[in-house]
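A short write-up of the structure that comes next.
The structure presented is a predicted model; accordingly, all values stated were derived computationally and were not measured.
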Amino acid sequence: MPVARLLRQVAGQMLGSPACGCWIATPPLRFLGTSPRQIPADANFHSALFSETDQPRVLITGGLGQLGVGLANLLRKRFGKDNVILSDIRKPPDHIFHSGPFIYSDILDYKNLREIVVNNRITWLFHYSALLSAVGEANVSLARAVNITGLHNILDVAAEHNLRLFVPSTIGAFGPTSPRNPTPDLCVQRPRTIYGVSKVHAELMGEYYHYRYGLDFRCLRYPGIISADSQPGGGTTDYAVQIFHDALKNGKFECNLKPSTRLPMMYIDDCLRATLEVMEAPPESLSMRTYNINAMSFTPEDLAQEVLKHVPEFQITYNVDSVRQVIADSWPMNFDDSNARKDWGWKHNFDLPELVTTMLNFHGSDTRVAQAN
């Protein structure tokens with residue numbers, strides 16, 4: 001039974017009349033699952049009880065995207081290979097399949113999700129399944145299904161089985177009426193993409209489940225994430241990944257954003273570390289459930305100038321994509337992440353020079369860098 005229908009049913013029973021517009025406070029529902037066999041609240045199963053000293057049992061959805069594989073590697077080093085399960089609906093490459101547990105998981109299939117959580121005694125869930133900004137605009141109905149309906153299934157499973165749940169948000173959760181430089185944690189959010197709307201929805205639903213049902217929901221608003229070992233995935237900030245591939249392959253790059261388009265960015269190592277740190281933070285240290293995090297803020301022109309220091313023959317041209325430019329112009333130019341730094345000690349390691357050097361070295365640019373130096 002979908003959670004909305006369940007809530008309406010509970011409200012009707014408590015209020016006695018569906019016409020009443022008020023809401024009477026009721027004890028939190030412990031189980032929200034759609035299974036026809038509801039589990040008693042006092043049921044005592046071995047798979048449901050863990051001491052805080054036990055290692056978490058982790059499930060990562062959408063694990064073959066930009067962040068999932070890197071996060072799995074980080075968590076496996078921390079908690080052990082067999083305690084971290086990567087999942088997706090796509091077939092994994094051999095090296096990922098053999099690096100640790102991998103299973104098929106469709107977030108639109110509630111029963112499948114529930115079986116995975118129960119059978120594998122999952123205690124932490126990282127929900128990365130989503131269609132990104134530009135791809136979402138090209139297929140709104142699919143983005144709505146994956147980013148919103150899929151989220152509802154994840155929330156219900158997490159609440160039912162008392163999981164600690166992480167759902168990433170993004171700079172895309174803000175809109176043209178939000179303050180852009182800097183953008184605080186709490187301000188007007190009126191995004192104009194289905195991706196952004198779905199992320200605001202995720203933030204609010206997660207916080208609602210936390211306050212209403214006690215779900216341990218945690219969320220970070222990521223800036224643009226730059227990763228050396230993954231291909232661009234359809235996001236508006238992906239130019240900052242593609243530029244390194246093209247600079248080393250043919251010495252030139254065509255950018256689809258204006259040279260002055262400033263956006264907050266972060267190297268993937270900082271992003272993954274922040275994700276683990278917020279999940280490990282004691283609940284009492286969290287003054288909110290959704291935090292901005294940031295590392296640096298730059299324009300395509302800034303990035304190109306830094307690349308030129310290492311690849312002197314590099315050339316950049318601009319062929320602006322109107323859809324991506326409108327999206328970028330509605331996003332923050334810089335994130336205020338002071339609450340994350342204050343509450344749980346967040347700090348970044350990579351600024352722009354370190355980012356560029358790391359990316360070029362990763363892509364086998366030793367010869368070019370040596371020649372430049």
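The shortest distance between side-chain heavy atoms of Arg262 and Asp302 falls below 4.5 Å. By the 4.5 Å heavy-atom criterion applied to side chains, Glu207 and Thr290 are counted as neighbours. Using a 4.5 Å cut-off on side-chain heavy atoms (C-beta onward), Pro223 and Leu263 make no contact. Looking only at side-chain heavy atoms (C-beta outward), Cys271 and Leu67 come within less than 4.5 Å of each other. Contact of the Arg78 side chain with the Leu74 side chain is not registered, since no non-hydrogen atoms from C-beta on lie closer than 4.5 Å. Residues Ile194 and Asn147 have side chains not in contact (no heavy-atom distance under 4.5 Å, counting atoms from C-beta outward). Contact check for Phe362 versus Phe244: no side-chain heavy atoms found under the 4.5 Å cut-off. The shortest distance between side-chain heavy atoms of Tyr222 and Thr275 falls below 4.5 Å.
Side-chain atoms of Ser105 never come within 3.5 Å of backbone atoms of Asp88 as a donor-acceptor pair (strictly under, hydrogens ignored). Between the side chain of Asn181 and the backbone N or O of Met333 there is no donor-acceptor pair closer than 3.5 Å. In terms of modelled atom types and a separation under 3.5 Å, the side chain of Asn120 and the main chain of Ile122 share no donor-acceptor contact. In this structure, Ser178 contributes its side chain and Gly175 its backbone to a donor-acceptor pair below 3.5 Å. Within the 3.5 Å criterion, the main-chain N or O of Asp106 finds a donor-acceptor partner in the side chain of Asn112. When atom types are taken as modelled, the side chain of Asn294 and the backbone of Pro264 share no donor-acceptor pair closer than 3.5 angstrom. Gln66 contributes a side-chain N or O that, together with a main-chain N or O of Ile225, makes up a donor-acceptor pair within less than 3.5 Å. A donor-acceptor pair under 3.5 Å is formed between the side chain of Ser198 and the backbone N or O of Tyr195. Not one N or O on the side chain of Arg121 forms a donor-acceptor pair closer than 3.5 Å with the backbone of Arg57. Under the 3.5 Å distance criterion, the side-chain polar atoms of Thr261 are left unmatched by any main-chain donor or acceptor of Thr299.
Scanning both residues, Tyr318 and Ile316, for their nearest heavy atoms gives OH-CD1, 3.6 Å. Looking at every heavy atom in both residues, Pro168 comes nearest to Cys219 through C-SG, 4.2 Å. Of all heavy-atom pairs spanning Tyr110 and Asp156, the tightest one is CE1-CB, 3.7 Å. Closest non-hydrogen pair, Val58 versus Ile60, comes out as CG1-CG1, 4.1 Å. In this structure, Ser169 and Lys199 approach most closely via the heavy-atom pair OG-CB, 3.6 Å. Nearest heavy atom pair, residue Thr177 against residue Arg190, reads OG1-CB, 3.8 Å.
Trp124 and Phe79 have perpendicular rings, their planes meeting at more than 60° on a 0 to 90° scale where under 30° would count as parallel.
To the nearest 0.5 Å, the span separating CZ on Phe350 from OG1 on Thr357 amounts to 10.0 Å. The structure places CG of Leu59 at 10.5 Å from OG1 of Thr123, a figure rounded to the nearest 0.5 Å. Rounded to the nearest 0.5 angstrom, Leu286 CG and Phe217 CZ are separated by 11.5 Å. Within the model, atoms OG1 of Thr61 and CG of Asn153 stand 11.0 Å from one another, a figure rounded to the nearest 0.5 Å. Interatomic distance, Phe102 CZ to Arg90 CZ, rounded to the nearest 0.5 Å: 8.5 Å. Interatomic distance, Arg324 CZ to Asp238 CG, rounded to the nearest 0.5 Å: 7.0 Å.
In the hydrophobic clustering of this structure, Leu64 groups with Phe126; members are Ile, Leu, Val, Met, Phe, Trp, Tyr whose side-chain heavy atoms approach within less than 4.5 Å, directly or through other members. Both Leu86 and Leu276 are assigned to one and the same hydrophobic cluster, defined by single-linkage of ILVMFWY side chains at heavy-atom distances under 4.5 Å. Side-chain heavy atoms closer than 4.5 Å link hydrophobic residues (I, L, V, M, F, W, Y) into clusters, and following such links, possibly through other members, connects Leu165 to Tyr208. Clustering ILVMFWY residues whenever any of their side-chain heavy atoms sit less than 4.5 angstrom apart, transitively, puts Leu151 in a cluster other than the one holding Ile89. Connection of Val188 to Met288 is not established within any shared hydrophobic cluster, with ILVMFWY side chains joined at heavy-atom distances below 4.5 Å, either directly or through further cluster members.
For the side-chain contact (heavy atoms from CB on, under 4.5 Å) test with Ile293, the passing option among Leu220, Val278, Asn339 is Leu220; the others fail.
Other residues, nucleotides and ligands contribute over 12 non-hydrogen atoms within 6.0 Å of the NZ atom of Lys342. Residue Asn349 qualifies as enclosed at atom CG: its count of foreign heavy atoms under 6.0 Å is above 12. Atom CD of Glu280 is surrounded by more than 12 heavy atoms from other residues, nucleotides or ligands within 6.0 Å.
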Quiz item: Should Leu303 and Val356 be marked as a side chain to side chain contact (heavy atoms under 4.5 Å, CB included) after you check the CA-CA gap, both sets of side-chain angles, and the distance that decides it?
Solution: CA-CA 8 Å; Leu303 182 55; Val356 171; 3.7 Å; yes
Exercise. Please report the C-alpha distance between Arg221 and Phe174 in whole Å, then the side-chain angles of each, then the deciding distance to 0.1 Å, and finally whether the side chain to side chain contact (heavy atoms under 4.5 Å, CB included) criterion is met.
Key: CA-CA 10 Å; Arg221 293 193 189 104; Phe174 298 96; 3.5 Å; yes
Quiz item: Which is it for Glu137 and Arg192 under the side chain to side chain contact (heavy atoms under 4.5 Å, CB included) test, yes or no, and what are the steps along the way?
Solution: CA-CA 10 Å; Glu137 290 307 289; Arg192 293 182 179 175; over 6 Å; no
Quiz item: Can Thr237 and Trp331 be said to form a side chain to side chain contact (heavy atoms under 4.5 Å, CB included), step by step?
Solution: CA-CA 11 Å; Thr237 59; Trp331 284 357; 3.9 Å; yes
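Ring centroid separation for the pair Trp346 and Tyr291 does not come in under the 6.0 Å cut-off.
With respect to the salt-bridge test (charged N to carboxylate O, under 4.0 angstrom), the residues Lys111 and Glu115 qualify. Ion pairing between Asp270 and Arg273 holds under the 4.0 Å rule for side-chain N and carboxylate O. We find that Asp185 and Arg289 are not joined by a salt bridge, their nearest charged nitrogen and carboxylate oxygen being 4.0 Å or further apart.
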